[in-house]
Number of protein chains: 2
Amino acid sequence: MARQRSGAATREAIRAAAARLFRDHGFAGTSVRDIAARADIDPALVIRHFGSKELLFLETVRLTIDDEPLLDVPLDSLGRRFIEVLLDSGEDIRGVYLALLRGSGNPQIADRLSASHETAFVEPLRRRLPGADADVRARLAGALVGGLLYALWVVGDEHLIAVGRDELVSRYGALLQQLLTPVPTGTTGTPGATAPTSPRPTAAPRPRR
Amino acid sequence: MARQRSGAATREAIRAAAARLFRDHGFAGTSVRDIAARADIDPALVIRHFGSKELLFLETVRLTIDDEPLLDVPLDSLGRRFIEVLLDSGEDIRGVYLALLRGSGNPQIADRLSASHETAFVEPLRRRLPGADADVRARLAGALVGGLLYALWVVGDEHLIAVGRDELVSRYGALLQQLLTPVPTGTTGTPGATAPTSPRPTAAPRPRR
DNA sequence: GTCTATATGGAGATAGAC
DNA sequence: GTCTATCTCCATATAGAC
């Protein structure tokens with residue numbers, strides 16, 4: 001019979017349905033009718049409560065990493081940790097990231113993506129970085145991090161996925177770490193090697209622990 | 001008036017119009033009518049010649065990078081060079097990359113993106129890499145490269161763009177180089193602070209095969 | 001080969017009775 | 001606040017006359 005609900009409950013039902021559908025099928029792949037059906041209400045109510053499909057998207061699809069306590073580790077292991085947190089994040093983050101990315105043809109969604117990238121991928125790192133060029137390094141790190149998610153989630157590189165979480169954390173984390181705490185040439189007591197071009201011995205997959 | 005043209009000319013006109021519009025406005029943002037209008041023909045002809053909008057997209061939107069400049073560069077400067085080539089690539093690559101990315105909700109377009117990523121970003125690097133784990137390293141490199149384009153073109157990180165081409169090449173190139181020729185501790189000069197002075201503008205001429 | 005006309009379906013959004 | 005009914009617009013795709 002689809003009994004009437006209170007206004008607040010309806011609003012919540014719409015929000016929940018929208019969040020889920022947008023996350024799973026993106027902005028274009030979700031219709032107002034789909035949302036209404038899932039919330040078991042009339043399509044007109046969706047517009048009535050949120051004004052438009054676009055506003056509803058912007059209200060429900062937010063990228064947040066609130067595992068920030070997990071990032072409370074020494075700076076020299078922040079790289080690994082950050083990758084770890086991302087890879088262990090649930091389906092939520094993945095879906096939201098994909099929805100924002102694929103919807104970024106829409107200017108408003110593009111703005112939201114831009115802000116989300118800043119908040120989730122750049123800012124948490126920049127806060128920890130010392131040095132005058134901390135901002136640039138954090139932004140390069142944001143690009144690097146985004147690249148991993150792009151390769152795994154958007155491209156869906158099967159061979160990269162098959163590498164497995166632990167090795168990805170180790171290798172890509174080390175790469176990120178390079179950006180957070182660039183290894184200076186002199187600290188580890190290496191002699192001032194003047195011959196830069198050395199024929200590469202193979203392997204050595206872990207430049208830094 | 002819209003006088004008649006030959007079949008081949010019409011087909012070409014459609015193809016050209018589609019390539020341009022898809023690249024500028026994406027798959028969802030381009031209608032068959034838009035394409036027909038730009039080609040100055042009837043919308044029905046678009047379908048008649050190419051079967052569907054989707055097939056037309058797949059036929060006209062291809063990501064190709066000219067990897068010739070990468071062939072003769074020494075392995076230890078391939079990282080910088082690769083970033084250079086990407087950043088100097090024209091509006092074409094950017095548009096195609098964005099169209100594929102934003103259209104990747106469509107399974108066929110996702111497949112195309114996957115293949116393009118492999119061909120353009122992974123394969124050219126893997127060819128040059130020695131070692132048993134060359135494949136993995138090339139894929140990690142592909143992720144890294146994709147991340148830069150993502151940050152610059154999708155997110156549109158203004159502060160990162162403002163860094164400028166040369167410094168991006170230098171810093172992000174050094175990062176990529178870490179993956180191509182890993183070094184336990186820095187040997188090839190400071191990784192990122194200033195341009196490490198081995199420009200090697202264009203290498204020795206070499207016959208194409 | 002080309003074009004006119006149209007089929008068919010789905011979208012977002014609205015009007016107005018209850 | 002909610003729902004029924006509908007509006008308007010636009011999409012891809014097709015049928016059939018020239």
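Residue numbering restarts at 1 for every chain, and letters A, B, ... go by the order of the sequence lines. Both backbone and side-chain heavy atoms feed into the values below; hydrogens, waters and symmetry mates do not. This structure is a prediction, so every number in the text was calculated from the model and none was measured.
With sequence neighbours excluded, the residues forming a side-chain contact (heavy atoms from CB on, under 4.5 Å) with A:S77 are A:V73, A:P74, listed by chain and number. Partners of B:V169 according to the side-chain contact (heavy atoms from CB on, under 4.5 Å) rule, which considers only residues two or more places apart in sequence or in another chain, are B:R80, B:I83, B:E84, B:L87, B:R165. Applying the ring-ring contact (aromatic ring centres under 6.0 Å, His included) test to A:F121 and every residue at least two apart in sequence or in another chain returns A:H117. The side-chain contact (heavy atoms from CB on, under 4.5 Å) check on A:A138 picks up A:V122, A:R126, A:L129, with sequence neighbours excluded.
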Contact list (N/O, under 3.5 angstrom) for nucleotides 13-16 of chain D vs protein:
from	atom 1	to	atom 2	distance (Å)
D:dA13	OP2	B:K53	N	3.1

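Using a 4.5 Å heavy-atom threshold, the side chains of B:L70 and B:R81 count as touching.
Taking atom CD1 of A:I41 as the reference point, atom P of C:dA13 lies 14 Å away to the nearest angstrom. If you take CZ of A:F50 and P of D:dG1, they are 12 Å apart, rounded to a whole angstrom. Following rounding to the nearest Å, A:L45 (CG) and D:dT4 (P) show an atom-to-atom distance of 10 Å. If you take CG of B:L56 and P of D:dA11, they are 15 Å apart, rounded to a whole angstrom. Atom CG in B:D34 sits about 11 Å away from atom C1' in D:dC10, given to the nearest Å.
Residue B:S31 places no side-chain N or O under 4.0 Å from the OP1 or OP2 atom of D:dC10. For D:dT2, one of the phosphate oxygens OP1 or OP2 lies less than 4.0 angstrom from a side-chain nitrogen or oxygen of A:H49.
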Side-chain donor-acceptor distances from residues 90-99 of chain B under 3.5 Å, at least two apart:
from	atom 1	to	atom 2	distance (Å)
B:D92	OD1	B:R23	NE	2.9
B:Y97	OH	B:G146	O	3.2

